[in-house]
Amino acid sequence: VPMSLPPFPIHASFCFLADGPQQVLFGYVGIDAILEQMRRKAMKQGFEFNIMVVGQSGLGKSTLMNTLFKSKVSRRSLMTTEEDRIPKTIEIKSISHDIEEKGVRMKLTVIDTPGFGDQINNENCWQPIMKFINAQYEQYLQEEINIERKKRIPDSRVHCCIYFIPPTGHCLRPIDIEFMRHLSKVVNIVPVIAKADTLTLEERDFFKQKIRVDLRANEIDVYPQKEFDEDAEDRIVNEKIREMIPFAVVGSDQEYQVNGKRLLGRKTRWGIVEVENTAHCEFAYLRDLLIRTHMQNIKDITSSIHYEMYRVRRLNENNTQPNGQTAIHANSVPEHEVLSHEM
């Protein structure tokens, strides 16, 4: 077959490596400019991050959120005294903020769950939260399967759930185990020990070790999940994080003068607990994980793993199985068990 030659010469050569031919270019082409194009597009669109906080009253959930984003982003920060009460049932409430830093815009949504763990009978208190998370997946799915889809589908899916563990110093409570066992299948859970300054360093280390043992014994896979490590480099970084889980944190939106610097901290009779000092607590590690190093990965796992499992099940749930076999969920759980978890 005759081939037409290009009107200009192409100066390139090929070398053969173990994984196939690699082209060696003589002169600058400009392929790396795609990164700058992607950056400009992302800057124009902005980012979305939806974070849920779960834990009983009085553990400093609102304060920690304000500390993380250095602004009044929690629902409680905007509540009136009359509203500040323990609800009789779990009330899931969201509040969104537009945050901008160095030209980067982010729509942050904080989802609070007042009433969780505050009742006399806390049996199945995880179910309303499971239902809410799945409702966000369903809303996204319905937008996605529309014939005329929006250019950019609003993302209300819960990307991360911070679970607050009371600083008892002993082990996980049944309510902690039950919640994380069910919810870790549908959302990225990051457990934290709340108000860690109430524990001594020895008590804190012992408590963290006990919690890790309880998580393994109950097959609870918290973020970052080992099975989702992409390569050896990821595995090394994430293994260090897994060794720190749960993060022992202290939150504060009060500033104090320490050695001539204004620092966030909690003032006690013995001195000031510096929130961002890793010798005092592990808040800085939590902040780095959620914002500075793993935010995009958290969103990717939400989209490609948790939401994808929900999407597959929903699109297949009307399919009939041969010989009357039980429909199997995307994660190999029988269909009727998954449905019972959502009810």
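Model, not experiment: these values are computed from the prediction.
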Exercise. Measure across F207 and P167 and return the closest heavy-atom pair with its distance rounded to 0.1 Å.
Key: CE2-CA, 4.0 Å
Practice problem: Compare all side-chain heavy atoms of E203 with those of K208 and state whether any distance is below 4.5 angstrom. | Solution: no
Self-check item: Side chain T113, main chain F116, donor-acceptor under 3.5 Å
Solution: no
Quiz item: Are any of the side-chain heavy atoms of T109 and I51 separated by less than 4.5 Å?
Solution: no
Practice problem: Give a yes-or-no answer on whether the side chains of D253 and T67 include a donor-acceptor pair shorter than 3.5 Å. | Solution: no
Quiz item: Does any donor atom in the side chain of D300 or Q296 lie under 3.5 Å from an acceptor atom in the other side chain?
Solution: yes
Quiz prompt | E143 and Q139: side chain donor to acceptor below 3.5 Å | solution = no
Self-check item: Side chain to side chain, N218 and M180, heavy atoms closer than 4.5 Å
Solution: no
Practice problem: Quick one: do E308 and R314 satisfy salt bridge (Lys or Arg N to Asp or Glu O under 4.0 Å)? Show the steps, please. | Solution: CA-CA 10 Å; E308 188 64 18; R314 284 286 288 113; over 6 Å; no
Exercise. Assess the side chains of N188 and H306: does a donor N or O sit below 3.5 Å from an acceptor N or O?
Key: yes
Quiz item: Is a side-chain N or O of T63 found less than 3.5 angstrom from the main chain of G60, in a donor-acceptor match?
Solution: no
Quiz item: Between Y223 and F228, is the gap from one ring center to the other below 6.0 Å?
Solution: no
Quiz item: For C160, does its backbone N or O pair with a side-chain atom of T302 as donor and acceptor, under 3.5 Å?
Solution: no
Self-check item: salt bridge (Lys or Arg N to Asp or Glu O under 4.0 Å) between R242 and E239, intermediate numbers included
Solution: CA-CA 5 Å; R242 285 189 279 267; E239 202 57 51; 3.2 Å; yes
Quiz item: Can you name the closest pair of heavy atoms from C281 and V275 and give their distance?
Solution: SG-O, 3.1 Å
Quiz item: Should I162 and I241 be regarded as members of a common hydrophobic cluster, given that ILVMFWY residues are connected when their side-chain heavy atoms come within less than 4.5 Å of each other, either directly or indirectly?
Solution: yes
Quiz item: Is a side-chain N or O of R287 found less than 3.5 angstrom from the main chain of E276, in a donor-acceptor match?
Solution: no
Quiz item: Quick one: are I95 and I111 in side-chain contact, heavy atoms under 4.5 Å?
Solution: no
Quiz item: Does D197 offer a backbone N or O that forms a donor-acceptor pair with the side chain of R204 under 3.5 Å?
Solution: no
Exercise. Check whether any side-chain N or O of K107 sits under 3.5 Å from a backbone N or O of S96 as a donor-acceptor pair, and report yes or no.
Key: no
Quiz item: Is a side-chain N or O of N277 found less than 3.5 angstrom from the main chain of A279, in a donor-acceptor match?
Solution: yes
Quiz item: Is F69 close to I291 at the side-chain level, that is, under 4.5 Å between some pair of heavy atoms?
Solution: yes
Self-check item: Nearest non-hydrogen partners of Y137 and V158, listed with the distance
Solution: OH-O, 4.4 Å
Practice problem: Would you tell me whether H294 and N238 have side-chain atoms, one donor and one acceptor, within less than 3.5 Å of each other? | Solution: yes
Self-check item: M38, M43, E36 screened by side-chain contact (heavy atoms from CB on, under 4.5 Å) with R40, the one that passes
Solution: E36
Quiz item: Is there a path from L199 to I272 through hydrophobic residues (I, L, V, M, F, W, Y) whose side chains come within less than 4.5 Å of each other?
Solution: no
Quiz prompt | Nearest heavy atoms of G117 and I175, plus distance in Å | solution = CA-CD1, 3.7 Å
Quiz item: Are any of the side-chain heavy atoms of F206 and T200 separated by less than 4.5 Å?
Solution: no
Quiz item: Closest heavy-atom contact between P128 and N124?
Solution: CD-O, 3.8 Å
Quiz item: Quick one: do Y285 and I245 end up in the same hydrophobic cluster if we chain Ile, Leu, Val, Met, Phe, Trp and Tyr together by side-chain heavy atoms under 4.5 Å apart?
Solution: yes
Quiz item: Should M244 and F164 be counted in the same cluster of Ile, Leu, Val, Met, Phe, Trp and Tyr side chains packed under 4.5 Å apart?
Solution: yes
Quiz item: Are L64 and Y256 connected in the hydrophobic side-chain network, where two residues link if heavy atoms are under 4.5 Å apart?
Solution: no
Exercise. Return the minimal non-hydrogen interatomic distance between V187 and C161, and the atom names on each side.
Key: CG1-CB, 4.1 Å
Practice problem: Could you walk me through whether D221 and K226 pass salt bridge (Lys or Arg N to Asp or Glu O under 4.0 Å), step by step? | Solution: CA-CA 8 Å; D221 208 6; K226 189 176 291 186; over 6 Å; no
Practice problem: Any side-chain hydrogen bond (donor to acceptor under 3.5 Å, both in side chains) involving residues 156-174? Give me the pairs, sequence neighbours left out, ordered by first then second residue. | Solution: Q56-R173, Q136-S156, D155-R157, D155-H159, Y163-D176, R173-D176
Quiz prompt | Close side-chain approach of R181 and E178, heavy atoms under 4.5 Å | solution = yes
Quiz item: Quick one: does E274's side chain get under 4.5 Å of L264's, heavy atoms only?
Solution: no
Quiz item: Taking N146 for the side chain and E148 for the main chain, is one N or O donor matched with an acceptor at less than 3.5 Å?
Solution: no
Quiz item: Hey, does the side chain of K195 reach the backbone of G58 with a donor-acceptor pair shorter than 3.5 angstrom?
Solution: yes
